[in-house]
Undergrad: 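One structure coming up, written as structure tokens, with questions to follow.
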Amino acid sequence: MAEYEEFSIPKSHPRYHSLIFREKLARGFREGYVVPQGLIAHGRGEAFDYLIGECTTEPARKAMYAAVAFMLLAERPVISVNGNVAALVAEDIVKLAEKTNAAIEVNLFYRTSERVRKIAEIFRKLGVEVLGTDEDQLCTVPELLSERRKVSCRGIYVADVVLVALEDGDRTEALRKMGKKVIAIDLNPLSRTARTANITIVDNITRAVPEMIKIADELRLEPRDKLEKIVHSYNNEETLREIIEHICKRLTELARTQIKIL
Ligand code: ATP
Ligand code: MG
């Protein structure tokens, strides 16, 4: 892991992975494509990850299967990326896009041409041209007032399924109102995004995307009717309830036993 040597965090550190991800975000911030608000959002995500137990739960896995099946069935799936996503999992996003035939589009809450250009450059170095850049033809998502309403006319605007991660609630709502099916990766099961999406994967994006790549390998060769069955038997409300119950149960057990959390 030569890439991580620059961060000089000893591998033996009990929170090694968490610290690496923080360093990656801090580097993205220094390089000017992660915004300070993105760092705050990550901290909020980490807090929920602590409560979940920093692992992929069964309900989250179930949501991933439904999400990948949804993407494989879609005609025009798009993965929407922002600064945090680019800093944390750019390579894995490229792999997932390849396996699900999805386009990648940059969409930013705090859009500036410079940030868009830097994020596009990260993906270009990985061999992929992203949609939603200033050179791209941009259309408008109705009902959104911020710069996020600018989307690619060839991408999110005409997509049937959109995967969003670390996303704000009102954009998720606006995409739903446009008739898009929305898959969200969000550690907060109570957020508006989590409650508005069609499929919510309550997991850390750093665990979820690698897992979804494996699931895509598994489901790619399955017939459409099997994929349709996975999607139709999925219930997002029930999944969110299961995650909240998981957190309650875990905290009750911890309170009772006072075990070491780490
Ligand atoms: P909402 O607008 O949906 O009600 P919010 O305003 O709390 O939620 P935003 O800042 O709009 O949150 O979006 C960021 C979301 O991303 C948060 O819900 C946060 O928990 C989640 N998040 C942050 N880091 C990660 C991560 N590494 N993996 C998955 N989710 C994350
Ligand atoms: Mg928000």
Side-chain angles (χ1 to χ4, degrees), residues 7 15-29 33-57 59-64 67-68 79-93 96 106-111 115 119 122 141 143-149 162-177 180 182-213 215 236-237 239-240 243-244 246-247:
F7 298 141
R15 303 197 52 74
Y16 175 78
H17 290 290
S18 168
L19 293 180
I20 291 289
F21 295 130
R22 285 182 196 172
E23 289 298 334
K24 286 186 168 192
L25 285 169
R27 181 175 64 187
F29 176 70
Y33 63 90
V34 170
V35 285
Q37 294 84 347
L39 303 179
I40 296 169
H42 186 76
R44 188 154 61 261
E46 278 194 343
F48 279 99
D49 212 6
Y50 244 90
L51 302 182
I52 289 166
E54 295 178 307
C55 61
T56 298
T57 61
R61 194 177 305 281
K62 194 166 63 173
M64 286 179 203
V68 173
I79 302 177
S80 177
V81 296
N82 59 22
N84 282 38
V85 175
L88 293 172
V89 284
E91 278 180 46
D92 285 328
I93 289 286
L96 182 63
V106 52
N107 185 277
L108 305 177
F109 197 116
Y110 304 97
R111 184 184 176 104
R115 286 189 70 216
I119 293 169
I122 291 172
V141 174
E143 309 203 24
L144 273 184
L145 296 176
S146 71
E147 286 293 289
R148 291 166 304 157
R149 65 181 163 179
V162 185
L163 170 69
V164 298
L166 289 56
E167 184 58 78
D168 182 50
D170 53 339
R171 180 159 178 261
T172 311
E173 275 170 32
L175 291 173
R176 284 293 314 263
K177 281 193 186 147
K180 315 283 176 202
V182 180
I183 300 165
I185 302 177
D186 190 332
L187 274 162
N188 178 0
L190 305 171
S191 76
R192 285 175 309 143
T193 293
R195 287 181 287 122
T196 312
N198 298 80
I199 298 176
T200 309
I201 298 166
V202 181
D203 200 1
N204 200 312
I205 191 170
T206 59
R207 292 189 299 269
V209 181
E211 202 53 39
M212 289 170 80
I213 295 170
I215 294 171
N236 208 41
E237 256 178 56
T239 308
L240 288 175
I243 299 267
I244 296 168
H246 161 85
I247 293 174

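This one's a predicted model, so the numbers in the text were calculated from it and none came from an experiment. Whatever order the structure lists them in is the order used to number ligands and atoms, beginning at 1.
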Undergrad: Can an N or O of A194 be found at a distance shorter than 3.5 Å from an N or O of ligand 1?
TA: no
Undergrad: I need the atoms of ligand 1 closer than 4.0 Å to a non-hydrogen atom of H42, numbered in the order shown.
TA: 23 (C), 24 (N), 27 (N)
Undergrad: Does any non-hydrogen side-chain atom of H42 lie less than 4.5 Å from one of V34?
TA: no
Undergrad: Heavy-atom contacts with N188 under 4.0 Å: which atoms of ligand 1 show up? List them by number with element.
TA: 18 (O), 20 (O)
Undergrad: Which of the numbered atoms in ligand 1 are under 4.0 angstrom from any heavy atom belonging to D203?
TA: 28 (N), 29 (C)
Undergrad: Donor-acceptor pair, distance only, cut-off 3.5 Å: does the side chain of R115 make one with the backbone of Y110?
TA: yes
Undergrad: Side-chain contact test, heavy atoms from C-beta onward, threshold under 4.5 Å: evaluate it for L96 versus L163 and give yes or no.
TA: yes
Undergrad: Going by heavy-atom distance to atom 3 (O) of ligand 1, choose the closest among T193, V85, D170, T196.
TA: T193
Undergrad: Could you list the atoms of ligand 1 found under 4.0 angstrom from a heavy atom of D186?
TA: 15 (C), 16 (O), 17 (C), 18 (O), 19 (C), 20 (O), 21 (C), 30 (N)
Undergrad: Could you tell me whether the side chain of N188 and the main chain of A194 form a donor-acceptor pair under 3.5 Å?
TA: no
Undergrad: Select one of side chain, backbone, both or neither to describe which atoms of Q37 lie under 4.0 Å from any atom of ligand 1, heavy atoms only.
TA: neither
Undergrad: Counting non-hydrogen protein atoms only, what is the nearest one to atom 28 (N) of ligand 1? Give residue, atom name and distance.
TA: I205 N, 2.9 Å
Undergrad: Write out the residue and atom name of the closest protein heavy atom to atom 4 (O) of ligand 1, then the distance separating them to 0.1 Å.
TA: R192 N, 3.0 Å
Undergrad: Please tell me if the side chains of E54 and N204 come closer than 4.5 Å, counting only heavy atoms from C-beta onward.
TA: no
Undergrad: What protein heavy atom lies closest to atom 30 (N) of ligand 1? Include the residue and the distance to one decimal.
TA: L187 N, 3.2 Å
Undergrad: Provide the protein N, O or S atoms situated under 2.8 Å from the Mg ion (ligand 2); waters are not included.
TA: D168 OD1
